[in-house]
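The analysis underlying the following values was restricted to heavy atoms, covering all of them including side chains, and did not include hydrogens, waters or symmetry mates.
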Amino acid sequence: MSDTLEQSFVAQLQANQNIIHKICRLYTAGEDAHKDLFQEITIQLWKAYPKFRGDSKFSTWTYRVALNTAITLYRKTKRTISTVDYESHQHFVKDVDYNYEEEEQIKLMYKAVYQLNDIEKALVFMYLEDKDYQEIAETLGISEVNARVKMNRIKGKLKKILNP
């Protein structure tokens, strides 16, 4: 590949690497698994980059490739991959600024989200990232109406999990 293509890819990857890190956190447990998945997603993005036509934003395309890679690997190794333990990823701040009630709510939400299937997790993740239904649909390869219907069903499912 040309140097220009490589430079363009590296610049785009650097600008959008947080997307990949967030997806890695969602589908892996532990730093080593996170690094491995990040590397695999980067490899898949690089392999597919020459075919990227720019029909969608690079970030949308990155979501799609990263989620597909994570879901594929997650399904292949489902029996050995455990979800991220929220306790081991706490970010500590001064007690005066720390909201323990909010932390408990976040823990409960994480536990509920971990009970969803892989596609539902991806949809919730993008929804919480403030992506509109059009971008969610495009990324997941479903219709916008289907994305809305699925999200409404997921909200109901989460309510049942959180309020048994």
Side-chain angles (χ1 to χ4, degrees), residues 9-49 51-52 56-92 102-144 146-162:
F9 175 76
V10 169
Q12 292 278 21
L13 183 65
Q14 286 176 339
N16 291 280
Q17 67 178 317
N18 284 340
I19 293 169
I20 301 167
H21 283 297
K22 288 175 184 177
I23 291 170
C24 290
R25 269 187 236 113
L26 188 64
Y27 286 94
T28 62
E31 189 176 336
D32 289 340
H34 180 107
K35 287 179 182 177
D36 289 346
L37 182 56
F38 186 92
Q39 181 177 351
E40 184 60 32
I41 290 169
T42 303
I43 289 167
Q44 295 306 317
L45 286 167
W46 174 244
K47 285 180 178 178
Y49 190 65
K51 297 174 188 163
F52 175 63
S56 62
K57 294 188 283 185
F58 184 84
S59 61
T60 301
W61 178 76
T62 300
Y63 272 115
R64 176 174 244 162
V65 172
L67 284 168
N68 286 337
T69 302
I71 289 168
T72 299
L73 291 175
Y74 176 78
R75 285 180 176 163
K76 284 181 183 175
T77 59
K78 195 170 190 173
R79 293 186 189 111
T80 59
I81 291 179
S82 60
T83 55
V84 175
D85 175 21
Y86 180 77
E87 298 293 326
S88 66
H89 289 83
Q90 289 182 2
H91 300 283
F92 297 99
E102 184 177 318
E103 177 190 349
E104 287 304 312
Q105 290 174 345
I106 291 171
K107 281 184 194 179
L108 289 173
M109 181 57 88
Y110 267 86
K111 284 181 182 180
V113 170
Y114 288 141
Q115 294 178 42
L116 301 174
N117 70 40
D118 45 6
I119 299 297
E120 291 169 336
K121 281 182 191 175
L123 209 150
V124 167
F125 167 71
M126 294 191 74
Y127 182 82
L128 293 174
E129 287 286 305
D130 289 327
K131 301 299 175 193
D132 61 34
Y133 284 108
Q134 182 179 352
E135 188 169 356
I136 291 171
E138 185 178 329
T139 302
L140 297 179
I142 59 178
S143 71
E144 190 174 335
N146 195 350
R148 288 178 188 277
V149 168
K150 283 183 181 287
M151 193 64 224
N152 283 330
R153 288 182 181 154
I154 293 167
K155 287 177 184 177
K157 199 173 186 179
L158 288 172
K159 283 179 186 173
K160 284 182 182 176
I161 292 169
L162 291 168

Which heavy atom of [X] sits nearest to which heavy atom of [Y], and what is that distance?
{"X": "A66", "Y": "I23", "value": "CB-CD1, 3.5 Å"}
{"X": "K131", "Y": "I136", "value": "O-CD1, 3.5 Å"}
{"X": "I19", "Y": "S59", "value": "CD1-CB, 3.7 Å"}
{"X": "Y114", "Y": "L26", "value": "CE2-O, 4.2 Å"}

Just list the side-chain donor-acceptor pairs under 3.5 Å for residues 148-155, sequence neighbours left out, or say none.
from : atom 1 : to   : atom 2 : distance (Å)
R148 : NH2    : E144 : OE2    : 3.3
N152 : ND2    : R148 : O      : 3.4
K155 : NZ     : Y127 : OH     : 3.2

Can you tell me how far apart [atom1] ([X]) and [atom2] ([Y]) are? Round to the nearest 0.5 Å.
{"X": "M109", "Y": "L128", "atom1": "CE", "atom2": "CG", "value": "7.0 Å"}
{"X": "T69", "Y": "I41", "atom1": "OG1", "atom2": "CD1", "value": "5.5 Å"}
{"X": "Q44", "Y": "T42", "atom1": "CD", "atom2": "OG1", "value": "10.0 Å"}
{"X": "L123", "Y": "I142", "atom1": "CG", "atom2": "CD1", "value": "5.5 Å"}
{"X": "Y27", "Y": "H34", "atom1": "OH", "atom2": "NE2", "value": "14.5 Å"}

Is there side-chain contact between [X] and [Y], with at least one heavy-atom pair below 4.5 Å?
{"X": "M126", "Y": "T139", "answer": "yes"}
{"X": "F52", "Y": "L45", "answer": "no"}
{"X": "I20", "Y": "L13", "answer": "yes"}
{"X": "L158", "Y": "L116", "answer": "yes"}
{"X": "Y63", "Y": "E138", "answer": "no"}
{"X": "F125", "Y": "V113", "answer": "no"}
{"X": "T62", "Y": "Q17", "answer": "no"}

Applying salt bridge (charged side-chain N to carboxylate O under 4.0 Å, His left out), name anything that partners E129, two or more places apart in sequence or on another chain. K22
By salt bridge (charged side-chain N to carboxylate O under 4.0 Å, His left out), which residues pair with K157, not counting sequence neighbours?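 Counting only residues at least two positions away or on another chain, K157 forms a salt bridge (charged side-chain N to carboxylate O under 4.0 Å, His left out) with E120.
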Residues two or more places apart in sequence or in another chain: which of them pass side chain to side chain donor-acceptor pair (under 3.5 Å) with K159?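 K159: no side chain to side chain donor-acceptor pair (under 3.5 Å) contacts found.
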Could you note down all residue pairs passing salt bridge (charged side-chain N to carboxylate O under 4.0 Å, His left out) where residues 32-44 supplies at least one of them, sequence neighbours left out?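 Passing the test, one end in residues 32-44: E31-K35.
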Those residues that, when tested against F38, pass ring pair (Phe, Tyr, Trp, His ring centres under 6.0 Å) (two or more places apart): H21
